[in-house]
2 protein chains.
Amino acid sequence: MSAAETSNWQQIHDVVLERIQSRRWKPGDLIPREQELAEEFGCARATINRALQALADSGFLERRRKAGTRVAIHPVRKATLSIPIIEQEIEQNGFTYAYALLTDAVLPPPADIGAWLEVPPDSTVRHVEALHSASGRPYVFEDRWIHLDAIGAAASADFSTVSPNRWLVENATYTRGKITLSAIGAGSRESELLACEPGAALFRLERRTWNKTAVITVANLTFAPGYRMHTML
Amino acid sequence: MSAAETSNWQQIHDVVLERIQSRRWKPGDLIPREQELAEEFGCARATINRALQALADSGFLERRRKAGTRVAIHPVRKATLSIPIIEQEIEQNGFTYAYALLTDAVLPPPADIGAWLEVPPDSTVRHVEALHSASGRPYVFEDRWIHLDAIGAAASADFSTVSPNRWLVENATYTRGKITLSAIGAGSRESELLACEPGAALFRLERRTWNKTAVITVANLTFAPGYRMHTML
DNA sequence: TCGAATAATATGTCCATACATAATATGCAT
DNA sequence: ATGCATATTATGTATGGACATATTATTCGA
């Protein structure tokens with residue numbers, strides 16, 4: 001069966017993907033060589049290569065030189081969750097965004113945060129607490145620690161109108177980040193700020209951001225009850 | 001400055017990425033044409049194209065025909081969270097996996113689940129409840145609904161030893177999925193099964209899986225207290 | 001029998017070229 | 001000026017050929 005004349009790599013990509021999803025080529029199976037597929041589809045080997053590389057990138061295929069190409073055994077359950085700027089997230093949902101700075105201080109960090117930031121024992125960091133709200137209702141509590149040695153400009157940043165969340169996105173480049181998601185019970189501080197019962201189940205996002213090897217900032221975001229984070233796969 | 005002889009696309013990729021991250025090319029900036037970069041790096045335009053495409057795929061660049069290539073304004077905060085099979089996740093952490101089937105029935109779904117599964121009003125679905133545990137301690141409660149019309153083989157699957165979680169990964173292909181993450185307070189059922197206080201904050205993952213246009217299954221996973229989900233960006 | 005050297009092979013990458021396509025820029029007629 | 005047709009241009013994709021590289025398979029000697 002020779003495929004349609006129109007031999008662009010995306011169509012080949014789709015045909016191959018269909019063969020995988022329909023189980024004509026099962027997980028673990030070795031699929032034909034690039035040269036053979038090129039003949040089947042009536043195109044150059046490079047075109048096949050492009051299609052198969054894309055499928056390998058998205059985890060459907062595993063490829064090794066000389067060993068050939070085989071269908072991935074565990075069809076890679078990868079979900080990409082996009083981390084929006086809080087302000088944008090709120091406005092996209094049709095609410096009015098508001099921001100309030102609660103505390104702002106430069107001080108020696110507590111031991112645990114100091115360790116997370118990987119700062120020398122006697123250095124100081126900037127600690128900011130802020131509340132983001134949506135149409136007047138508390139949305140998320142931001143607890144932010146900034147490593148001033150790693151990003152000097154942050155020492156003079158004014159967080160009274162612009163949140164650290166936004167300022168850092170716009171002014172700090174990062175090369176790597178680590179996120180931890182969990183559920184925590186509201187303490188007295190959270191229950192007060194987020195207008196909920198003590199002990200209420202809250203969604204929490206902890207994040208550490210690096211530039212090269214230096215930790216720039218640690219952020220703990222605690223969301224108001226009912227928050228739901230969506231993602232596709 | 002003409003770059004080194006070494007012209008492979010990954011090196012070009014890295015050099016360009018460095019220029020973005022060092023803000024030599026700032027967000028919104030138009031970067032040189034492929035032809036110009038090819039001359040700078042002393043390679044073919046196709047090689048530049050490969051490098052820039054990869055950077056566009058990962059969100060650092062935005063490219064449009066004729067308009068040129070520019071640095072993305074919002075450096076794409078995408079985190080890929082991999083969704084493992086529960087059994088593997090537990091064993092990777094060094095615990096002993098165990099599985100217990102709690103209930104298993106074919107019945108007409110409650111209204112909300114029926115709507116999620118997009119089944120006709122009078123049809124029946126398979127409902128399975130199961131508990132996964134790690135070294136004897138409850139780990140996650142699986143509340144699973146399976147659309148039998150969409151995946152017939154599931155009607156005769158034996159879930160007494162193999163969890164729906166695993167069976168479906170191995171036997172059902174999907175083309176699309178949607179995940180919702182949230183925090184909920186433990187109800188009486190959860191507190192009993194997961195050995196925690198009623199009202200304890202629990203991490204929850206709700207998932208809907210499609211094949212083409214038909215919903216295959218809905219899964220609600222409620223994790224024991226203290227569960228943390230990690231991801232990189 | 002075992003291990004090391006060697007051959008074979010599938011994918012990885014590159015090149016030079018050509019044409020396709022989408023978007024912008026330009027020029028012309030009104 | 002305004003609107004429309006046309007030229008220009010940067011990226012997108014395809015080709016065929018070449019060589020690189022990682023593995024596997026084979027051969028041969030100790």
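Note on naming: letters A, B, ... go to the chains in the order of the sequence lines (proteins, then strands), and numbering restarts at 1 for each one.
- Ion pairing between B/Glu62 and B/Arg64 fails under the 4.0 Å rule for side-chain N and carboxylate O.
- When atom types are taken as modelled, the side chain of B/Ser135 and the backbone of B/Phe95 share no donor-acceptor pair closer than 3.5 angstrom.
- Phosphate proximity of C/dT13 to B/Thr47: absent, as no side-chain N or O sits under 4.0 Å from OP1 or OP2.
- Considering only side-chain N and O atoms, B/Gln10 lies under 4.0 angstrom from the phosphate OP1 or OP2 of C/dT13.
- At distances below 3.5 Å, at least one donor-acceptor pair connects side-chain atoms of A/Thr173 with backbone N or O atoms of B/Gln21.
- Rounded to whole angstrom, the span from the CG atom of B/Asp57 across to the P atom of D/dT11 amounts to 16 Å.
- Side-chain N/O atoms of B/Arg63 include one lying less than 4.0 angstrom from OP1 or OP2 on D/dG12.
- B/Gln35 comes within contact range of no nucleotide atom at all, as no heavy-atom separation falls under 4.0 Å.
- Projected onto DNA chain D by closest heavy-atom contact, A/Ala44 and A/Arg64 fall at different nucleotides, the more 5' of which corresponds to A/Ala44.
- In terms of heavy atoms, A/Trp210 sits closest to A/Thr213 at CD1-O, 3.4 Å.
- The aromatic rings of A/Tyr99 and A/His132 sit tilted, their planes meeting at an angle between 30° and 60°.
- Between the P atom of C/dT11 and the CG atom of A/Leu30 lies a distance of 8 Å, rounded to the nearest Å.
- Nucleotide D/dG12 holds its C1' atom 14 Å from the CD atom of A/Gln11, rounded to whole Å.
- Closest to the B/Thr69 side chain, of the nucleotides C/dG12, C/dC15, D/dT11, is D/dT11.
- For A/Asn49, no side-chain nitrogen or oxygen approaches OP1 or OP2 of C/dT13 to under 4.0 Å.
- Between A/Ala46 and A/Ala67, the residue anchored nearer the 5' end of DNA chain C, judged by the nucleotide with its closest heavy atom, is A/Ala67.
- The distance from atom CD1 of A/Ile48 to atom C1' of D/dT15 is 13 Å, rounded to the nearest whole Å.
- The side chain of B/Glu34 sits closest to D/dT11 out of C/dT11, D/dT11, D/dT8.
- Proximity of B/Arg65 to the phosphate of C/dT24: no side-chain N or O atom is located under 4.0 Å from OP1 or OP2.
- Relative to the side chain of B/Arg33, the nucleotides D/dT24, C/dA25, D/dT11 differ in distance, and D/dT11 lies closest.
- In this structure, NZ of B/Lys66 is placed 18 Å from P of C/dA20, rounded to the nearest angstrom.
- Between the P atom of C/dG12 and the CD atom of A/Glu62 lies a distance of 12 Å, rounded to the nearest Å.
- Nearest nucleotide to the B/Trp9 side chain, out of C/dT13, C/dG12, D/dG12: C/dT13.
- Of the two residues near DNA chain D, A/Arg45 and A/Arg50, the one whose nearest nucleotide lies more 5' is A/Arg50.
- In this structure, the CZ atom of B/Phe41 is 20 Å from the C1' atom of C/dA16, given to the nearest Å.
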